[in-house]
Amino acid sequence: MKTISLQDAAAMIPAGATLMVGGFMGVGTPEPLVDELVRQQKGDLTVIANDTAAPGIGIGKLITAKLLRRVIVSHIGLNPETQKQMLAGDLQVDLVPQGTLAERIRAGGFGLGGILTATGVGTIAAEGKQTVAVDGRDYLLEPALRADFALVHAFIADYLGNLGYVLTARNFNPLMAMAAETVVVQAENIVPVGVIAPDHVMTPAPVVDYLIAKG
Amino acid sequence: MKTISLQDAAAMIPAGATLMVGGFMGVGTPEPLVDELVRQQKGDLTVIANDTAAPGIGIGKLITAKLLRRVIVSHIGLNPETQKQMLAGDLQVDLVPQGTLAERIRAGGFGLGGILTATGVGTIAAEGKQTVAVDGRDYLLEPALRADFALVHAFIADYLGNLGYVLTARNFNPLMAMAAETVVVQAENIVPVGVIAPDHVMTPAPVVDYLIAKG
Amino acid sequence: MDAQTLIAQRIAQELRDGMLVNLGIGIPTLVANFVPKGMHVFFQSENGLIGTGPVADPGMALPWLTDAGGKPVTALPGASTFDSAMSFGLIRGGHLDLTVLGGLQVDQHGRLANWMVPGKMVPGMGGAMDLVAGAKRVIVAMQHTAKGRPKIVRECSLPLTSDRPVDLVVTELAVIGFPHGRATLLETMDGVTVEEVVAATEGDLVISPELSEPTLPKATSKAAAMTSIGEPL
Amino acid sequence: MDAQTLIAQRIAQELRDGMLVNLGIGIPTLVANFVPKGMHVFFQSENGLIGTGPVADPGMALPWLTDAGGKPVTALPGASTFDSAMSFGLIRGGHLDLTVLGGLQVDQHGRLANWMVPGKMVPGMGGAMDLVAGAKRVIVAMQHTAKGRPKIVRECSLPLTSDRPVDLVVTELAVIGFPHGRATLLETMDGVTVEEVVAATEGDLVISPELSEPTLPKATSKAAAMTSIGEPL
């Protein structure tokens, strides 16, 4: 794990990259990193996340700045700008059931090829997908997802990179911290090694690549 | 969640039942519950667990008492009695790679039909199993596992049934607490509601059926 | 009593002690207001919380403790938090005893459409598909009709949320179940006739022989015999 | 220096700062004793711990803090614990930089057999299959021969642990890699001749052109040109 400035963290991400971004309606999204991506006008990005939040919040800022080419999300209903760009053909929107999205990301980080879920069977979410029967029940085979970068929000991080999340800001963050080539963390609080009890570490240090230093 | 006596907890388990038993070489196994099963001579059991521990320790006691018909485990190497009963044809031993076993149990508890893993491809562990290709790579389809009962060891439980585990006694316990029809917990410490912080709950109360009351 | 309150109150009677329950937005959210006294129900918020409490007092909101809509809430003693994989493991793995969801259409076999109107509203399915596929019991809370047109229909014109039938539909007119895969009128709301329900419903509607014993005190029993209205299935 | 120490010391030279490493039982465990000064390596114990420390002092052992063999250990500051699914997610998901395992046989393409001897020893694969299939780098630590018979063989007679070839085999005689799927002698240990290694090895053994520049200070370079010993592959 290395420390990095906010500016260098965003600079490291090339245009066209695929990003996983933690957060649920903006809660648990590394907001300063999103702001810096907008400032540096990193474009043509693909974002994998739960949702596109709302204008002015989290991933909504990337939408409004037209930096995204494609989103893989479960929900866009609270961001009219996403719908507008989608209908105009400027943004590809892949909608994935939320539980399936979470498991596909987890599978990517846990070295599984994919998952078998009954969610979506018999709906348009099953279109084009392989169906696998196990013990007489049909499941969709949903392939694993990985990304070039995971942008992770933590409540607490120690100097080694051990992470803890807080309440509902946890959501997709620990899953994404496992599923990307490069994991960048913005933590609300940075503490010395040993301050976080081993049982309370939610993401172990070795998976974290960069911790954004306080400005 | 209901409280139950140690005796009633073991009495509830019928002969012939399939049990998931937490623990890794006995560490994190609900030892009093194992002792009570031996005392009540519950036989013909199938046990799903990481290993069969060693004689006199955890699941090893069930082995020595000849209460098991079948075990689904990743390791039996430190219990010569398991090997002896297996070779004598008295005990069916299904060996499963440890990571595959953990994920199959998790899949059972998380409503997934199974998992796709590269572990075991090209080995005898792949015999008789379906191979599924995802993005050009071969994976084994390993089906989900569930049990009638999960015997769970927790370090701390509150009156509602929220659980916390300690250090390496966590292992399979939180996975099994999700994957059985009836979940029985033996906790080292029982505390009032509110004592465990929401972020430190590792198994949420609603999945726990019975908490063994202190004798 | 307005329609929404009526629906929420009736659904609250389906709650049982110790249940884990997930409420969708809209009418479903109101169900939490009518938990019977002395009963302990776990409310899950799919963004990663069991034990969701009421909205925080002014000045006490924490931006990292929110409901699935992103609004600050509180947590009750005994609450627990977890990541999104665990949240949907609880939903998909059969641990969720009940989900209450809004509906756009329900077909006569109980299959729900509630997540999109092609060409108009494409918010995404969020957790709806997992909730319907995974919850032990699914109750739909909705108005019986929309702009005068039935929402219980012969066949959904909108994309399905799941092929798994829901268990109960509660509207301001009636309570409808789907035993043997057939829409069945179980109760009528106070002052509503069977004929009114039938007129506002498309497709076949079986009249339950138990309609005479409604579970809602104020609901009125209207029919005594199992009668199939409309064409046979 | 005994064979085990020699092997462990040589493998320790493969450690890099910040690596996540899993050590099997036996010789691999000894590698932890030779971490270069000033280097921080994370040692994972697959029963759910990163930051495994030495054995506890007398009277200080906790029964719930153990290694994968169930023996009480300590935890270093910055340690973390997790369940078995997470532990193998780290292993299978490509987060584990290095695993060091014991071996019964390795074939000339680098495929390892280390988990059973049919009819004799059936301990179960434990985590071995996941470790070999999932770790970024796999090093086998073993004696070069057993009862005078080569353990690096043309074809494994014992069941494979994985079809994924290992990266390096370190014995008391030599360091052997598998570039292009062919067993290749990279280094000989101090005082060992190429001929001795070849004599103790079954199947084809390519002699690396870089054998003249061993990474182990005490190792002796014996051959300068790429030479294939034995039959062609």
K.L.:
Which residues, numbered in order, of residues 159-181 of chain A come under 4.5 angstrom of chain B by heavy-atom distance?
P.N.:
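Residues Tyr165(A), Val166(A), Leu167(A), Arg170(A) are the ones that qualify, each having a heavy atom under 4.5 Å from chain B.
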
K.L.:
Within a reach of under 6.0 Å around NZ of Lys129(A), are more than 12 heavy atoms found that belong to other residues, nucleotides or ligands?
P.N.:
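Yes, because the 6.0 Å sphere around NZ of Lys129(A) holds more than 12 heavy atoms from other groups.
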
K.L.:
Looking at Gly114(B), Gly99(B), Ala144(B), Gly111(B), which one has more heavy-atom pairs under 4.5 Å with chain A than the rest?
P.N.:
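So the answer, after comparing Gly114(B), Gly99(B), Ala144(B), Gly111(B), is Gly114(B).
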
K.L.:
Taking all non-hydrogen atoms of both residues into account, name the closest pair between Asp199(A) and Met202(B) and its distance.
P.N.:
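Closest approach of Asp199(A) to Met202(B), heavy atoms only: O-CE, 3.5 Å.
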
K.L.:
Inspect the surroundings of NZ in Lys214(B) and state if more than 12 heavy atoms from other residues, nucleotides or ligands are less than 6.0 Å away.
P.N.:
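Atom NZ in Lys214(B) is packed in, count exceeds 12.
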
K.L.:
When only pairs under 4.5 Å are counted, which of Arg137(A), Arg106(A), Glu103(A) shares the most heavy-atom pairs with chain B?
P.N.:
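Most pairs with chain B among the choices: Arg106(A).
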
K.L.:
Kindly give the heavy-atom pair with the smallest separation between Gly113(B) and Val134(A), and that separation in Å.
P.N.:
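Here Gly113(B) and Val134(A) meet closest at O-CG1, 3.7 Å.
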
K.L.:
Kindly indicate whether the side chain of Leu116(A), heavy atoms from C-beta on, has any atom under 4.5 Å from the side chain of Leu112(B).
P.N.:
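In short, these two side chains do not touch, never coming nearer than 4.5 Å.
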
K.L.:
Are the side chains of Gln130(A) and Val132(B) in touch, meaning some heavy atoms are under 4.5 Å apart?
P.N.:
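Side-chain contact under 4.5 Å: yes.
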
K.L.:
Does the side chain of Leu141(A) reach to within under 4.5 Å of the side chain of Leu141(B), using non-hydrogen atoms?
P.N.:
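When only atoms from C-beta onward are counted, Leu141(B) and Leu141(A) do not touch, as no gap falls below 4.5 Å.
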
